[in-house]
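One structure below.
Letters A, B, ... are given to chains in the order of the sequence lines, protein chains preceding strands, and every chain is numbered from 1.
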Protein chains: 2
Amino acid sequence: MSQLSGKQADILDFLKEFLQEKDYPPSIRDIQEGCRISSTSVVDYNLRKLEEKGLIRRDREVSRGIEVLGNKARRAKIIDVPILGSIAAGQPIPVPSSDRFNNDVEDTVTVTEDMIRGRQNVFALRVKGTSMIDDLIDDGDIVFLEPAQAAQDGDRVAVWLKDRGEVTLKRYYLEGNRVRLQPANSTMQPIYTSADNVEIQGRFISSFRPFD
Amino acid sequence: MSQLSGKQADILDFLKEFLQEKDYPPSIRDIQEGCRISSTSVVDYNLRKLEEKGLIRRDREVSRGIEVLGNKARRAKIIDVPILGSIAAGQPIPVPSSDRFNNDVEDTVTVTEDMIRGRQNVFALRVKGTSMIDDLIDDGDIVFLEPAQAAQDGDRVAVWLKDRGEVTLKRYYLEGNRVRLQPANSTMQPIYTSADNVEIQGRFISSFRPFD
DNA sequence: AAAGTGAGCGAACATCCGTTCGGTGGAGTG
DNA sequence: CACTCCACCGAACGGATGTTCGCTCACTTT
């Protein structure tokens with residue numbers, strides 16, 4: 001690949017930084033000032049070079065029409081996932097509020113779509129306590145779920161066990177009118193219970209363990 | 001909160017959509033056309049309303065200087081974390097390549113800074129196998145680490161156990177010239193070993209368990 | 001030495017674009 | 001009806017912005 005001149009690298013850095021801070025691209029004169037370049041024409045000249053090298057795309061006839069390419073991070077879609085509450089033994093999952101545009105939820109995690117595989121209506125819960133440690137879910141973990149009332153065999157679901165008064169996260173297998181709930185830790189024993197003792201509350205999408 | 005008029009809602013939707021597709025905000029005339037509004041002044045009028053209601057911010061004296069607020073997702077910083085390889089029993093962690101600007105790494109995860117707490121030089125590893133199941137790390141998990149050679153007591157670190165030929169992730173406690181490695185699962189027993197048998201390879205930042 | 005090339009310079013130009021301004025019409029109010 | 005308020009309209013103004021043009025300078029090639 002052809003090397004970038006110092007000025008071109010400067011401009012590229014400036015572009016990225018500017019885009020990070022503001023939400024719109026710089027004008028040529030912004031770049032001129034930011035990179036201490038003497039003339040707008042020099043900026044234009046180098047932008048053309050950058051475009052030739054395929055590092056940016058310019059939308060002519062549009063001011064500030066500069067896109068930085070090859071920038072996976074910029075292109076990624078980001079979603080605010082509401083943290084609806086906590087999940088703990090002895091408590092059912094808080095029901096996802098019916099109106100989706102409920103922006104009252106102050107508590108959100110901002111994630112890339114990679115984290116939730118483009119699922120819709122995903123919500124998150126903080127895990128309190130170690131009651132799901134058999135499922136490799138620790139205290140403080142955040143689990144991402146999508147709303148679900150039913151499950152296919154093998155789905156990882158959050159279920160409410162009526163008799164125990166407990167929510168847990170297990171793989172679900174319907175066997176006759178019994179349900180087998182298989183822990184993620186394969187060395188642990190499954191739970192067998194009657195089908196009407198379990199109430200499915202959501203389907204597991206992914207989970208995240210933050211630094212403590 | 002005061003309701004939005006139909007036109008204001010249209011404009012707001014258009015703004016978000018435009019920003020999603022292009023990487024720069026629309027001009028007033030773009031909005032005019034996109035929302036089929038008769039005059040630029042009407043767009044201006046409604047943008048002022050939206051600004052009064054705190055839904056957008058406008059940067060005067062800058063064309064296309066429109067930011068959509070209340071949009072935590074837009075503001076979040078995103079980072080491409082390189083996945084340097086796999087972590088498995090019997091293999092040391094691949095060393096983070098010395099030159100950081102090594103963009104040859106094709107394999108990356110795109111995450112928000114929430115996921116790595118703003119740490120620098122973070123890298124990621126895929127977990128192969130269930131050798132770290134005691135640490136609540138499953139096959140297929142992705143762990144985020146920062147480079148480290150030493151550790152403080154209580155740090156969660158990835159260590160190379162020379163005698164076992166194995167990498168594991170445990171809490172680290174130096175006790176005299178022995179090291180206690182405490183699994184995340186508190187019901188499991190710690191490992192005791194001599195200090196020169198362990199080689200610290202990275203400090204745990206966070207981990208992620210994708211949908212399977 | 002002459003010619004060529006890449007980078008830079010400053011000024012001027014033509015659009016692009018945000019803003020302003022006078023005006024219209026309908027709804028509500030006394 | 002007179003008055004006010006709100007949303008809207010079209011045109012025009014002026015600043016912001018991208019682009020072009022002729023020129024210079026340093027360095028390399030012929």
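A cation-pi arrangement is absent between B:Arg117 and B:Phe144, since the terminal nitrogen or guanidinium carbon is not both under 6.0 Å from the aromatic centre and inside a 45° cone about the axis. A cation-pi arrangement is found for B:Lys22 relative to B:Phe18, the charged atom lying closer than 6.0 Å to the ring centre and inside a 45° cone about the ring normal.
For A:Thr168, the side-chain contact (heavy atoms from CB on, under 4.5 Å) partners are A:Met132, A:Asp135, A:Val159, A:Leu161, A:Lys170, not counting sequence neighbours.
Side-chain contact check for A:Arg209 versus B:Arg209: some heavy-atom pair is nearer than 4.5 Å.
More than 12 heavy atoms of other residues, nucleotides or ligands lie within 6.0 Å of CD in B:Glu51, so this atom counts as buried by the packing criterion.
In this structure, CZ of A:Arg36 is placed 18 Å from C1' of C:dG8, rounded to the nearest angstrom. A:Asp10 places its CG atom 14 Å from the P atom of C:dA7, with the value rounded to the nearest Å. Between the CD1 atom of B:Ile31 and the C1' atom of C:dG18 there is a distance of 11 Å, given to the nearest Å. The distance between atom CD of B:Gln32 and atom C1' of D:dA11, rounded to the nearest whole Å, is 12 Å. In this structure, CZ of B:Arg29 is placed 8 Å from P of C:dC17, rounded to the nearest angstrom. Rounded to whole Å, the distance from CG on A:Asp30 to C1' on D:dA16 is 10 Å. Nucleotide C:dA12 holds its P atom 18 Å from the CG atom of A:Asp44, rounded to whole Å.
Listed pair B:Arg64 / D:dA16 fails the phosphate criterion, with no side-chain N or O lying under 4.0 Å from OP1 or OP2. Note on B:Lys7: every side-chain N or O is 4.0 Å or more away from OP1 and OP2 of D:dA7. Close to C:dG6, at under 4.0 Å from its OP1 or OP2, lies no side-chain N or O of A:Asn46. Residue B:Arg48 has a polar side-chain atom (N or O) positioned under 4.0 Å from OP1 or OP2 of C:dT20. At D:dA7, one or more side-chain N or O atoms of B:Tyr45 fall inside 4.0 Å of OP1 or OP2 (strictly under the cut-off).
When each of A:Thr40 and B:Ser38 is assigned the nucleotide of DNA chain D with its nearest heavy atom, B:Ser38 is the one assigned upstream, toward the 5' end. Both B:Ile37 and B:Ser63 sit near DNA chain D, but only B:Ile37 has its closest nucleotide nearer the 5' end.
If you check every strand for non-hydrogen atoms under 4.0 Å, A:Ser27 touches sugar and phosphate atoms only.
Taking the side chain of B:Arg58 as heavy atoms from C-beta on, and the options D:dG10, C:dG18, C:dC9, the nearest nucleotide is C:dG18.
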